[in-house]
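Comments concern the structure below.
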There are 2 protein chains.
Amino acid sequence: MPPKTANREAGYFATLAAERSDIALCRASTVVARAAEARANESGIGVGQHLVLKMLAEVGPSSQRILSDQLRIDRSVMVGICDGLEQAGHVRRERDAGDRRAYAVTITDSGRRLLARAEDAVPEFLDDTFADLTPAEREQLSALLAKVLRLRP
Amino acid sequence: MPPKTANREAGYFATLAAERSDIALCRASTVVARAAEARANESGIGVGQHLVLKMLAEVGPSSQRILSDQLRIDRSVMVGICDGLEQAGHVRRERDAGDRRAYAVTITDSGRRLLARAEDAVPEFLDDTFADLTPAEREQLSALLAKVLRLRP
DNA sequence: CACAGATCATCTGTCTTCAGATGATTGGCG
DNA sequence: CGCCAATCATCTGAAGACAGATGATCTGTG
């Protein structure tokens, strides 16, 4: 347990993080997000683009609305993500025949190849960013975050 | 355990969050950050301003550099935070006599009163945002985040 | 003392995120 | 059928975060 009388300045953040989990969560998020973006860029892709390709590969063609909702990416941002993927040829944007307001965003073979490369880098990335956690602790963290996000009851 | 064959679209995020703790962490952060900012605003303050007042009250007058480092707030952003606090009279910015490059940012009585009000709202806020976690789980989360942040070994 | 490099606060421009408005299209309801 | 509210993708403008440059000041070295 840290001393009751807080250190006068150095290490104040540790005290704060212990007391305010919300702050700890936000600060952890920014370092993790930075690292994730850097890793994704090494594969020549953004994190958002990676997630879009991943979802398209797993659930099939989807509208930008569904992608936005399920990936928790703002619809305005999704426009730019899909623009990039489409220009690079990793995705096709066809109008959905049944609902011509919506696109049917579809992953291409090029997209699948890029996705495969990006996915290869994920395990090592997770291992690095959660290096100080045992496998059991990583499971715990995952479960706790799911509760904070109010996912499955 | 969720079905191996992922749901075709609904609930895809739960699958993703289970697989990518980094994404779960980031998404949890944005919802928590939003809630924190909203709560702080109800006390007529920003989260950053709240943290600055809190640190000043606990460790005494500090330079903006030290505040930035310990609160993990960019030095450029700290300028605006201190501007706001100073204009509202919650903080004084005197040049440090010993090092005239640096300010000695000092909390005022007005600042202490505002801080007290803002602090009053914190326990309820934490209770709300981590409502689905037991006290033991909140401790776990705090400890795990400390490890992700590589705080104390 | 004089000078070089580091440090503090600040400013500037860029990038990301997001709320709200817009145009096209849909579905429901009379 | 014809209208109206809702929905999809997009655009626009505002706000925040941040990298890099700047001016003032400090520290250390000769």
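Below, read A as the first sequence line, B as the second, and so on, with proteins coming before strands; counting in each chain starts at 1.
- Residues satisfying the salt bridge (Lys or Arg N to Asp or Glu O under 4.0 Å) test with A/E124, not counting sequence neighbours, are none.
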What protein N or O atoms touch nucleotides 11-16 of chain C N or O atoms at under 3.5 angstrom, if any, and at what distances?
from, atom 1, to, atom 2, distance (Å)
C/dC11, N4, B/S76, OG, 2.5

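- The stretch residues 89-103 of chain B comes close to DNA chain D through B/D99, B/R100, B/R101, each having a heavy atom under 4.0 Å from the strand.
- For the pair B/D69 CG and C/dC8 C1', the interatomic distance rounds to 11 Å; values are reported in whole Å.
- Contacts between residues 27-54 of chain A and DNA chain C, counted as heavy-atom distances below 4.0 Å, involve no residue at all.
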Give the table of side-chain donor-acceptor pairs shorter than 3.5 Å for residues 74-85 of chain A, with sequence neighbours excluded, one pair per line with atom names and distance.
from, atom 1, to, atom 2, distance (Å)
A/D74, OD2, A/S76, N, 2.8
A/D83, OD1, A/R93, NH2, 2.2

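- The interatomic distance linking A/M78 (CE) with D/dC11 (C1') rounds to 17 Å, in whole Å.
- Listed by first then second residue, pairs satisfying salt bridge (Lys or Arg N to Asp or Glu O under 4.0 Å) with a partner in residues 97-108 of chain B read B/D99-B/R101, not counting sequence neighbours.
- Atom C1' of nucleotide C/dT10 and atom CD of B/E86 are separated by 13 Å, given to the nearest angstrom.
- Residue pairs that meet the salt bridge (Lys or Arg N to Asp or Glu O under 4.0 Å) test with at least one member in residues 22-33 of chain A, sequence neighbours left out, are A/R20-A/D22.
- A search for salt bridge (Lys or Arg N to Asp or Glu O under 4.0 Å) contacts involving A/D96 returns nothing, not counting sequence neighbours.
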With a cut-off of 3.5 Å and sequence neighbours excluded, list every side-chain donor-acceptor pair involving residues 34-45 of chain B.
from, atom 1, to, atom 2, distance (Å)
B/E37, OE2, B/V47, N, 3.4
B/R39, NH2, B/D128, OD2, 2.4
B/N41, ND2, B/E37, O, 3.4

In residues 104-115 of chain B, what donor-acceptor pairs under 3.5 Å come from side-chain atoms, sequence neighbours left out?
from, atom 1, to, atom 2, distance (Å)
B/T106, OG1, B/A104, O, 3.3
B/T108, OG1, B/G89, O, 2.7
B/T108, OG1, B/H90, O, 3.2
B/T108, OG1, B/S110, N, 3.4
B/T108, OG1, B/G111, N, 3.1
B/S110, OG, B/H90, ND1, 2.7

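- Look at CD on B/Q70: it is 13 Å from P on C/dC8, rounded to the nearest Å.
- A/R65 places its CZ atom 14 Å from the C1' atom of D/dT10, with the value rounded to the nearest Å.
- Computed from coordinates, the A/Q64 CD to D/dC8 C1' distance equals 9 Å when rounded to whole Å.
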Item to complete: Decide side-chain contact (heavy atoms from CB on, under 4.5 Å) for A/Y12 and B/L71; before the verdict, give the C-alpha distance in whole Å, the side-chain angles of both, and the deciding distance to 0.1 Å.
Response: CA-CA 8 Å; A/Y12 179 76; B/L71 299 177; 3.9 Å; yes
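- Residue pairs meeting the salt bridge (Lys or Arg N to Asp or Glu O under 4.0 Å) criterion with at least one member in residues 129-141 of chain B, sequence neighbours excluded, are A/K147-B/E137, B/D127-B/R138.
- Shown here are the side-chain hydrogen bond (donor to acceptor under 3.5 Å, both in side chains) partners of B/R72, two or more places apart in sequence or in another chain: there are none.
- Scanning all heavy atoms of the two residues, the minimum distance from A/L149 to B/A24 falls at CD1-O, 3.7 Å.
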